[in-house]
Structures are given as C-alpha cells and as structure tokens.
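Heavy-atom basis, side chains included; hydrogens, waters and symmetry copies ignored. Numbering of ligands and ligand atoms starts at 1, following listing order. Residue numbers run from 1 in the order of the sequence given.
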Amino acid sequence: MPIIAPSILAADFAHLAQDIQLVNNSKAEWFHLDVMDGVFVPNISYGMPIIERINQLTDKTLDVHLMIVQPERYISTFKAIGADILTLHFEASTHLHRSIQAIKTEGMQAGVALNPHTPVSVLEDVIADLDLVLIMSVNPGFGGQKFIENTYRKIEKLAEMKAVHNPNLIIEIDGGVNIDNAPKLVATGADALVAGSAVFNADNPELYIEQLFYS
Ligand code: DX5
Ligand code: ZN
C-alpha cells in the first residue's frame with residue numbers, strides 16, 4: 001500500500017481544524033506541508049505558525065516540502081516546530097550534501113525534490129544518504145495542475161537507482177495525483193503519493209484517501 005500524504009495547501013484554512021481531523025480519521029499516514037516563498041516559486045503559501053499548530057493536532061508524520069531559496073537557513077526551525085521529514089529542492093541547494101547531513105543531524109528524515117526538468121541522475125552521488133526523493137509531477141508553486149506524463153519515466157529510472165544504491169528509499173510523487181493515475185504510479189514504483197485538490201475537492205475526502213490507499 002502506498003503512503004498517502006494529503007496536501008494541506010488545498011484545505012479550507014477557515015476550517016483548518018476540521019480538515020486536520022478528517023486526515024487524522026483517514027488512512028493517510030502523512031500530512032504534506034508545502035512552504036513557498038514567492039522567490040523559488042511564483043507563489044506564497046504558509047509558514048511556521050500553521051505547521052506548528054498542525055503538529056499539536058495530530059500524531060501523524062509531518063512531511064514538509066520546502067519550495068524556498070536557501071532552505072538550509074531554516075533546517076533547525078522546522079525541526080523545532082515538528083517536521084519529521086524535511087524535503088528541500090535540488091535546484092535551490094548549492095551545498096546539497098551538507099544540507100542533507102544537517103537535516104539528519106537534527107533527527108529528521110531527509111528528502112530532495114526534483115523539478116520536472118531535473119533528471120533523477122543528478123542524485124547519483126547523494127542517493128545513498130537520502131530517506132526520500134520527491135519527484136514533482138507538476139511545476140511547483142500551485143495546487144490543481146495537470147499531471148506531467150513524463151513522470152513515469154523518471155520513477156522507472158529512480159527505481160533502478162534505488163535498487164542499486166538504497167533499497168529503503170521512499171519515492172514520493174507530488175502534483176496532479178488522483179485515483180485515475182495512482183494505480184500506475186504505484187505499479188511503476190511510487191511509495192508515497194501527495195494529493196491536494198483531488199482529496200479536498202472530493203465529495204468524501206476520507207473515502208477518496210481510502211481509494212488512493214488501495215491503488
Ligand atoms: C505544488 C505542491 C503540491 C500541491 C499538490 O507545488 O508541491 O504539494 O499541493 O497539489 P495537487 O494535488 O492539487 O496537484
Ligand atoms: Zn508539495
């Protein structure tokens with residue numbers, strides 16, 4: 001079964017506690033939390049106070065996806081507010097190896113995210129140190145975008161690298177995931193599926209999460 005990570009970006013911020021409770025009651029194991037700075041991506045989402053509050057309202061894993069420049073500046077801050085997994089972008093990291101080590105030293109699981117144009121091969125020399133690779137299946141910055149089909153090819157290649165270098169690696173897919181593409185994503189090698197708009201726009205989000213879980 002894949003790990004399901006509902007993206008809170010698509011939640012109703014006026015009724016956030018309700019949406020958190022909905023995820024708490026569901027088969028989702030993780031909360032996916034998208035932090036955007038308006039510089040690395042052309043959008044600004046939410047930051048520390050929201051994540052800190054969510055951490056108080058759930059025992060589930062907090063999977064934090066940083067879409068910000070110089071993410072290394074905030075590693076200890078995200079640990080302090082409850083992040084369990086901290087994922088930063090390859091494209092935003094000049095000293096990626098150092099940042100990965102810093103995340104692990106803080107006691108979090110370390111992830112690296114790749115934009116659609118970035119090949120998985122760039123991770124060859126750090127993959128053994130990683131807990132997770134997040135493949136963006138849309139251009140980062142917004143929820144509700146169309147899934148990019150080339151993602152399957154990237155998962156295949158990453159799955160080959162995983163088998164050789166790091167069998168425990170979690171392959172996470174983020175963007176445009178829904179119950180139509182989830183089965184093929186899982187069959188291709190995805191271990192974790194992020195879903196925002198598909199879950200929170202569903203008539204019954206809890207049931208939708210269950211359908212994703214049984215993909
Ligand atoms: C996009 C974010 C995603 C987003 C996914 O930049 O990284 O996590 O919330 O939203 P959907 O599932 O609507 O594509
Ligand atoms: Zn994300």
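Counting the atoms of ligand 1 from 1 in the order shown, those under 4.0 Å from a heavy atom of M67 are 6 (O), 7 (O). Ligand-side atoms of ligand 1 in range of G143: 10 (O), 13 (O), range being under 4.0 angstrom from any heavy atom. For ligand 1 and V194, the ligand atoms under 4.0 Å from any heavy atom of the residue are 8 (O). Residue M36 has at least one heavy-atom neighbour below 4.0 Å for each of these atoms of ligand 1: 6 (O). Heavy-atom contacts of P140 reach the following atoms of ligand 1: 6 (O) (cutoff under 4.0 Å). Taking every heavy atom of G175 and a limit of under 4.0 angstrom, the matching atoms of ligand 1 come to 14 (O). For ligand 1 and A195, the ligand atoms under 4.0 Å from any heavy atom of the residue are 12 (O). Contact atoms of ligand 1 toward H65: 7 (O) (distance under 4.0 Å to a heavy atom of the residue).
Minimum heavy-atom separation, D174 to H65: OD2-ND1, 3.1 Å. Nearest approach of L132 to T87, heavy atoms of both residues: CD2-OG1, 3.5 Å. Heavy atoms only, all atoms of each residue included: V64 and L66 are closest at CG1-CD2, 3.7 Å. In this structure, I75 and S99 approach most closely via the heavy-atom pair CD1-O, 3.8 Å.
For atom 14 (O) of ligand 1, the closest non-hydrogen atom on the protein side is G176 N, 2.8 Å. Of the protein's non-hydrogen atoms, the one nearest atom 6 (O) of ligand 1 is G141 N, 2.8 Å. Looking only at heavy atoms of the protein, atom 2 (C) of ligand 1 is closest to D34 OD1, 3.4 Å. In terms of protein heavy atoms, atom 13 (O) of ligand 1 is closest to S197 OG, 2.5 Å. Closest to atom 5 (C) of ligand 1 among all protein heavy atoms lies D174 OD1, 3.6 Å. The single protein non-hydrogen atom nearest to atom 12 (O) of ligand 1 is G196 N, 2.8 Å, given as residue, atom name and distance.
Residue contacts with ligand 1 include G144, since one of its heavy atoms falls under 4.0 Å from the ligand. Between F142 and ligand 1 there is a heavy-atom distance shorter than 4.0 Å. Under a 4.0 angstrom heavy-atom cut-off, A10 registers as lying outside contact with ligand 1.
The main-chain N or O of G141 is found under 3.5 Å from a side-chain atom of N43 such that the two form a donor-acceptor pair. In this structure, the side chain of K60 does not engage the main chain of F31 through any donor-acceptor pair within 3.5 Å.
Rounded to the nearest 10 degrees, the angle OD2 (D174) to the Zn ion (ligand 2) to ND1 (H65) equals 90°. The Zn ion (ligand 2) is the vertex of the angle joining OD1 of D34 and NE2 of H32, which measures 90° to the nearest 10°.
Rounding to the nearest 0.5 Å gives a distance of 9.5 Å between CD1 of I155 and NZ of K184.
Defined by atom type and a distance below 3.5 Å, a donor-acceptor pair is present between the side-chain atoms of T58 and N24. Using a 3.5 Å distance cut-off with no hydrogens or angles, the side chains of Q101 and R98 do not pair a donor with an acceptor.
Counting non-hydrogen atoms of other residues, nucleotides and ligands closer than 6.0 Å to CZ of F200 gives a total above 12.
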Could you go through the side chain to side chain donor-acceptor pair (under 3.5 Å) check for S93 and E72 one step at a time?
CA-CA 8 Å; S93 306; E72 64 281 354; 5.2 Å; no
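Of all the heavy atoms of S7, the ones lying under 4.0 Å from any atom of ligand 1 belong exclusively to the side chain.
A salt bridge does not link D84 with K79: none of the charged nitrogens is closer than 4.0 Å to a carboxylate oxygen.
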